[in-house]
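Below, chain A is the first sequence line, B the second, and so on; all start at residue 1.
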There are 2 protein chains.
Amino acid sequence: MRLESTLNGNTSANTSENARTHTFENPHPEPRTPTPRPGGRSARVRAEVVAATLAEVAEKGYDGLTVEAVATRSGVHKATLYRRWTGVDGLVADALTASADQSWPLPDTGDLREDLRRITREVFTVFTDPDLGATPTALILAAQRSDAGAAALRAFFTARHRQAAEVSERAVARGELPAGTDGAEVVRAATAPLYYRLFVTGEPLDAHTAERAADAAALAARAGLFTTAPPADPAPTANPAPTANPGPRKAS
Amino acid sequence: MRLESTLNGNTSANTSENARTHTFENPHPEPRTPTPRPGGRSARVRAEVVAATLAEVAEKGYDGLTVEAVATRSGVHKATLYRRWTGVDGLVADALTASADQSWPLPDTGDLREDLRRITREVFTVFTDPDLGATPTALILAAQRSDAGAAALRAFFTARHRQAAEVSERAVARGELPAGTDGAEVVRAATAPLYYRLFVTGEPLDAHTAERAADAAALAARAGLFTTAPPADPAPTANPAPTANPGPRKAS
DNA sequence: CTCGTAACGCGACTAAAGTCGCATTACGAT
DNA sequence: ATCGTAATGCGACTTTAGTCGCGTTACGAG
C-alpha cells in the first residue's frame, strides 16, 4: 500500500490521494504513518508546476487553464498533477499560496488619506494594466471556483488586510484616528469599491473612483466608524421593513 | 442549409450557430435572412431551461452545474442546449438575464442613512441565508466565469444601481445631499464592502459590517464626495511613489 | 389552411478531462 | 553507503463534455 504524504502548502491537493488510499480494501491495514519527502525532486516539481500555472494563467486566462497545458509547460507528468493537486483548482490554490509569501512595501506618507490613496491607486494601476493585471485577475477568478481556491484567497486577503492595517495604526499613533480603530477594516473600506467593480459588477473603474474610495474610507475612519466598539445607534429593530436587494433573485 | 435565428435575450447563445454556418463551405451562398420563431415551442423551451438552470444552480452550486443535468431536468435535449446556449456559460447568462426583469421595492424612510442601511441589510440577509442566498450566489459566481456571463452581470448591476440611485435623488430633493450627487455611486459605496467579502475575499460578513458600510456611504455622500464634479484636490502627481498592492502578485 | 424552414430530438461520434496499474527514480532515516 | 518506500513517469483506459448528420416537429408568413 502506497501512501502519498502531505507536502508543504498542499494539504488540500492531497485529498484525493488520501481518498484513494482509503478506498483500497486491505484486510491488514498498515498503521504506520509515511514520512514525507518534501525536499529535492518534490520541491523542484512544485516550483516548476507553480511557475507553469502562473504562466499559463497569465497567457490564457483562468478559463483557458488546463492540467494538460501545465503538465506540458512544466515537464511534470499530468498523472502527478492530478495526484498531488487534484486538478486545475488545486493548481490555482497552490499558485495563490505561493504568491502570498511575497513581501510588499506599505506607503507611509504621514497622512492617512494619502496612504489610502496610494494603496487604491496601486490596486487600480495593477488591475487595469493588461500586463500587470492579467495574472492576479486570473488567479482571483480561478480561486473563486473551488473551496480550496476560495480558502487560499481568504487566507491571502486576510493576511494582506492585517498587514495593511499598519497605515491606520500609524494614524492612530499620530492622533489622526481614534484609538481602537480596526485598521484592517479601514483598508477593506478603501479597496472594496475597486474590487467590487473589477470582480463583481464588472463595471469600469477609473482613477477618480479609486481616489474617492480612499477618501471615503479616510473620512469614515476619522469619524470613528471603524472603532471596534459597536455603533452608538440602537440595534436594528426586530421587525425589518421590506427592503431593496440589488442582487439577483431566483426567478419565480 | 439550416440557419438558427437570433432569439430574444439569447444573442450570445447563438454565436456558435452563426459560426457553424460560416464554416460551411457553400459555393452558392443564400443571402436570405431567416425569420426568427421565438414563440410557441421555443419560448416554452427557454422557460423550461431557465427554470432548470436555476434549480440546478441552487441545488448543486455553480461548480456542479452541467449541461447534461439541465437537459435531464428540463426535458430539453442537450444538443439543443449546446446549439442555442453554447454551454453552461450561456445557460447562466440567460438565467441571470431572466432574473434581471424582476421588480423590487426601494426603501423610502425619509432618511438616507436609514435607506442605505435597509439596502445593505437586505443584501446581508439574502446572501447569508442558505436558502435565500444559494441561487443568487451561485449565479454571480457562475456569471463571472465567462464573457457572456460577465456582460449579463454588468448589465444587471448597472441597472440595479441606477434604480437604487433613487434613494439619493430623494435625499437631494430633501436637501440632505448636495445637488449633483451621483446616486448610483452612493449605492455602490454602501454595498461594495459586502460584496467584497462575499465574492472576493471570502471573509465573514456580519450585520454590523453591513450597517457600517451604509453609514460610511451616507457620511461620504453628505460630505459631497459623490458629487459628479471632480474632487477639489489637485490631480495625482506625475511621479507616483512605490505603493502597496493588496492583490496577488506574479511569483518571480 | 398551406408551406417553407426554424428549431428541435436523437444516436453515434469526437475531444478533452481524469484515472489506473505498473515500473522507475530518488528522498530521508539509519 | 544501504534500504524502504514516497513520489514520479508512463501508456492505456474510462468518464464527461461537446459535436455532427439526419429526420421530425412546429412556427409564422401568406
Side-chain angles (χ1 to χ4, degrees), chain A residues 1-8 10 13-21 23-24 30 32-49 60 63-72 74-91 145-146, chain B residues 1-8 10 13-21 23-24 30 32-49 60 63-72 74-91 145-146:
Chain A
M1 177 158 69
R2 213 172 13 93
L3 294 178
E4 298 286 352
S5 63
T6 300
L7 299 176
N8 285 339
N10 286 302
N14 285 334
T15 303
S16 66
E17 291 291 328
N18 295 334
R20 188 168 61 164
T21 305
T23 58
F24 181 67
E30 185 71 33
R32 187 179 59 91
T33 303
T35 306
R37 304 186 188 175
R41 184 178 64 168
S42 289
R44 270 198 317 279
V45 163
R46 188 198 176 200
E48 279 153 10
V49 168
K60 299 178 187 170
D63 218 41
L65 183 65
T66 63
V67 170
E68 188 82 50
V70 172
T72 300
S74 63
V76 175
H77 198 270
K78 76 168 174 171
T80 296
L81 299 190
Y82 280 111
R83 264 197 305 251
R84 193 164 157 187
W85 281 278
T86 306
V88 162
D89 296 337
L91 292 173
R145 286 168 54 171
S146 68
Chain B
M1 180 161 64
R2 223 173 1 98
L3 294 179
E4 298 287 355
S5 63
T6 301
L7 298 176
N8 284 339
N10 286 302
N14 285 333
T15 304
S16 65
E17 290 292 327
N18 296 333
R20 187 167 65 164
T21 304
T23 56
F24 181 67
E30 186 70 38
R32 188 179 57 93
T33 302
T35 305
R37 305 186 188 175
R41 184 179 63 169
S42 289
R44 269 197 320 277
V45 162
R46 187 197 178 201
E48 278 154 10
V49 168
K60 300 178 184 168
D63 218 41
L65 183 65
T66 64
V67 169
E68 189 81 53
V70 171
T72 300
S74 63
V76 176
H77 199 270
K78 77 167 174 173
T80 296
L81 298 191
Y82 280 112
R83 265 196 303 251
R84 192 165 157 189
W85 281 278
T86 306
V88 162
D89 296 335
L91 291 172
R145 285 168 56 171
S146 69

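Look at CG on A/Leu81: it is 18 Å from P on C/dA16, rounded to the nearest Å. Summarising the geometry, the separation between CG on B/Asp63 and C1' on C/dA17 is reported as 14 Å, rounded to the nearest angstrom. Atom CG of A/Asp89 and atom P of C/dA17 are 13 Å apart (whole Å). Taking atom NE2 of B/His77 as the reference point, atom P of D/dT24 lies 15 Å away to the nearest angstrom. Between B/Glu68 atom CD and C/dA16 atom P the separation is 19 Å, expressed in whole Å. Between B/Trp85 atom CH2 and D/dG18 atom C1' there is a gap of 16 Å when expressed in whole angstrom units.
For the OP1/OP2 pair of D/dA7 and a distance below 4.0 Å, the side-chain nitrogens and oxygens of A/Arg84 include no atom meeting the criterion. Contact annotation: A/Thr80 side-chain N/O to D/dG9 OP1/OP2 distance is under 4.0 Å. Taking 4.0 angstrom as the limit, A/Tyr82 places none of its side-chain polar atoms (N or O) nearer than this to OP1 or OP2 of C/dT19.
Judged by distance alone, with hydrogens and angles left aside, B/Arg83 brings no side-chain donor or acceptor close enough to the base of D/dG18 to form a pair under 3.5 Å.
Looking at every heavy atom in both residues, A/Ala69 comes nearest to A/Lys60 through CB-NZ, 4.1 Å.
Legend: residues meeting side-chain contact (heavy atoms from CB on, under 4.5 Å) with B/Val49, ordered by chain and number and at least two apart, are B/Val45, B/Thr53, B/Val70, B/Ser74, B/Val76, B/Leu81, B/Trp85, B/Leu91. Taking the salt bridge (charged side-chain N to carboxylate O under 4.0 Å, His left out) definition, one finds that B/Glu68 meets it with B/Lys78, sequence neighbours left out.
In this structure, CZ in A/Arg84 is found 5.0 Å from OG in A/Ser42, a value given to the nearest 0.5 Å.
Which of C/dC10, C/dG18, D/dT19 sits closest to the side chain of A/Lys78 comes down to C/dG18.
When heavy atoms are screened at a 4.0 angstrom cut-off, A/Val88 is found touching no nucleic acid atom at all.
Ranked by how close their nearest DNA chain D nucleotide is to the 5' end, B/Val67 and A/Gly75 are led by A/Gly75.
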Identify all pairs in which a protein N or O lies below 3.5 Å from an N or O of nucleotides 25-30 of chain D, and state each distance.
unit_1: D/dT25; atom_1: O2; unit_2: B/Arg41; atom_2: NH2; d: 3.4
unit_1: D/dC27; atom_1: OP1; unit_2: B/Arg41; atom_2: N; d: 2.6
unit_1: D/dC27; atom_1: O2; unit_2: B/Arg37; atom_2: NE; d: 3.2
unit_1: D/dC27; atom_1: O2; unit_2: B/Arg37; atom_2: NH1; d: 2.7
unit_1: D/dG28; atom_1: OP1; unit_2: B/Arg37; atom_2: O; d: 3.4
unit_1: D/dG28; atom_1: OP1; unit_2: B/Pro38; atom_2: N; d: 2.6
unit_1: D/dG28; atom_1: OP1; unit_2: B/Gly39; atom_2: N; d: 2.1

